[in-house]
Amino acid sequence: LIAAFVIQGCATRPPENPDNICLIFKEKKSWYKAVMRAEKRWKIPPYVLMSFVYQESSFKSDAKPEREKLLGFIPWRRPSSAVGYSQALTKTWDDFKDETGNRGADRNDFKDSADFIGWYVHNTNKKLRIGKKDYYRQYLAYHEGWGGYSDYKKKPNVVSYAREVSTQAKKYKKQLRKCKSQLDRNKFIFF
């Protein structure tokens with residue numbers, strides 16, 4: 001029983017080097033398999049998916065938005081129902097589970113969150129005609145939702161987040177080029 005808790009704790013802690021996609025996948029081998037599965041299913045590049053997770057949750061499985069403060073200091077309710085690696089809202093997560101048939105999907109599970117992000121980017125491409133490699137605009141639609149996407153210019157902080165995601169995606173893309181062949185060779189050993 002103790003071993004199960006130790007293993008669970010190791011599996012959900014954020015990676016030691018979140019700025020390096022090669023080191024992330026070296027440490028979290030199952031994550032590489034999950035993003036490759038999402039790439040195959042939804043045609044979303046791994047570096048885009050990982051930059052979304054980095055921005056949304058800093059790779060924390062139990063991430064939630066900060067609580068609002070009542071009277072400036074009393075912890076109150078959270079501003080949204082976002083939870084997990086992908087920070088998916090409850091309603092959107094339920095739509096994902098219905099459409100994909102994955103009724104047991106869990107927002108705290110990296111594999112499910114990777115699949116969700118792929119699903120969301122795929123649907124953004126269909127609904128809003130935003131390219132899957134357009135990290136900047138895809139993230140704006142992800143953060144604001146399909147209905148709120150057109151109003152992003154009114155929110156300078158969201159534009160700033162999208163720039164950060166775009167920068168991180170470019171960095172991850174460059175890093176992944178250097179280690180992808182090694183990761184592909186090693187995946188047969190570890191999976």
Side-chain angles (χ1 to χ4, degrees), residues 14-28 31-61 63-66 79-80 82-89 92-93 95-96 107 110-184:
E16 290 183 26
N17 298 291
D19 284 319
N20 187 312
I21 198 168
C22 296
L23 294 177
I24 292 170
F25 290 146
K26 186 176 178 184
E27 179 184 348
K28 308 276 190 181
W31 288 14
Y32 183 67
K33 186 176 181 180
V35 298
M36 296 314 292
R37 222 183 256 142
E39 180 183 40
K40 184 176 182 179
R41 183 174 188 186
W42 304 112
K43 310 297 185 241
I44 176 177
Y47 49 88
V48 174
L49 191 154
M50 292 297 282
S51 65
F52 279 30
V53 176
Y54 185 60
Q55 181 67 36
E56 289 295 298
S57 66
S58 300
F59 300 107
K60 295 176 187 151
S61 65
K64 293 179 183 174
E66 292 274 325
S80 79
V83 174
Y85 291 108
S86 62
Q87 289 295 282
L89 300 174
T92 312
W93 188 260
D95 291 345
F96 159 72
R107 290 182 279 183
F110 186 85
K111 176 179 58 78
D112 292 336
S113 288
D115 196 37
F116 170 82
I117 294 169
W119 170 84
Y120 199 92
V121 167
H122 176 77
N123 280 294
T124 298
N125 175 254
K126 284 180 12 185
K127 293 173 190 281
L128 302 178
R129 301 283 184 232
I130 298 172
K132 292 180 182 181
K133 293 180 182 178
D134 185 344
Y135 342 116
Y136 179 78
R137 291 179 48 219
Q138 276 284 352
Y139 184 76
L140 290 170
Y142 188 85
H143 190 278
E144 294 303 296
W146 297 315
Y149 170 73
S150 60
D151 293 332
Y152 75 85
K153 290 180 182 173
K154 298 175 187 171
K155 300 178 179 177
N157 60 326
V158 175
V159 170
S160 175
Y161 299 153
R163 283 191 193 115
E164 290 172 20
V165 166
S166 184
T167 299
Q168 191 66 40
K170 289 173 189 170
K171 183 174 167 182
Y172 279 166
K173 180 180 181 181
K174 188 176 178 181
Q175 292 168 344
L176 192 58
R177 278 190 197 130
K178 295 178 182 176
C179 65
K180 187 166 183 343
S181 62
Q182 181 66 40
L183 289 166
D184 287 340

Please assess Y172 against Y47 for the test ring-ring contact (aromatic ring centres under 6.0 Å, His included), listing each intermediate value before the final yes or no.
-> CA-CA 5 Å; Y172 279 166; Y47 49 88; 8.8 Å; no
Any heavy-atom pair between the side chains of [Y] and [X] that's under 4.5 Å?
X	Y	answer
E27	E16	yes
Q87	H143	no
W31	P15	yes
F96	T92	no

Describe, in one word, how the ring planes of F116 and W93 are oriented to each other, choosing from parallel (under 30°), tilted (30 to 60°) and perpendicular (over 60°).
->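 F116 vs W93 ring planes: tilted.
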Determine whether a donor-acceptor pair (N or O, by modelled atom type, separation under 3.5 Å) exists between the side chain of [X] and the backbone of [Y].
X	Y	answer
Q175	D19	yes
S57	Y85	yes
N123	W119	yes
N17	N20	no

Are I117 and Y142 close enough, and set up right, to give a side chain to side chain contact (heavy atoms under 4.5 Å, CB included), and what steps lead you there?
-> CA-CA 9 Å; I117 294 169; Y142 188 85; 3.5 Å; yes
Is it the case that more than 12 heavy atoms not belonging to K132 sit under 6.0 Å from its NZ atom?
->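 More than 12 within 6.0 Å, yes.
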Of all heavy-atom pairs between [X] and [Y], which one has the smallest distance, and what is that distance?
X	Y	value
S58	P14	O-CB, 3.8 Å
I24	P18	CD1-O, 3.5 Å
Q138	N125	NE2-N, 3.9 Å
I21	P46	CD1-O, 4.4 Å
A34	K111	CB-CA, 3.8 Å

Evaluate side chain to side chain contact (heavy atoms under 4.5 Å, CB included) for Y54 paired with K171, printing each intermediate quantity in order.
-> CA-CA 12 Å; Y54 185 60; K171 183 174 167 182; over 6 Å; no
Go through F110 and K28 one step at a time and tell me if the side chain to side chain contact (heavy atoms under 4.5 Å, CB included) criterion holds.
-> CA-CA 10 Å; F110 186 85; K28 308 276 190 181; over 6 Å; no
Can you name the residues that form a salt bridge (charged side-chain N to carboxylate O under 4.0 Å, His left out) with K60, not counting sequence neighbours?
->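 K60: no salt bridge (charged side-chain N to carboxylate O under 4.0 Å, His left out) contacts found.
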Identify whether the distance between the nearest side-chain nitrogen and carboxylate oxygen of K180 and D184 falls below 4.0 Å.
->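 Judged by the 4.0 Å cut-off on N to carboxylate O distance, K180 and D184 do form a salt bridge.
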What do the steps show when you test L49 against W42 for side chain to side chain contact (heavy atoms under 4.5 Å, CB included), and what is the final call?
-> CA-CA 11 Å; L49 191 154; W42 304 112; over 6 Å; no
Donor-acceptor pairs under 3.5 angstrom involving side-chain atoms of residues 159-166: please list them, not counting sequence neighbours.
none

Show the atom names and distances, to 0.1 Å, of all donor-acceptor pairs under 3.5 Å that link a side chain in residues 144-154 to residues at least two apart or in another chain.
from: E144; atom 1: OE1; to: K155; atom 2: NZ; distance (Å): 2.6
from: W146; atom 1: NE1; to: T124; atom 2: OG1; distance (Å): 2.7
from: Y149; atom 1: OH; to: R137; atom 2: NE; distance (Å): 3.0

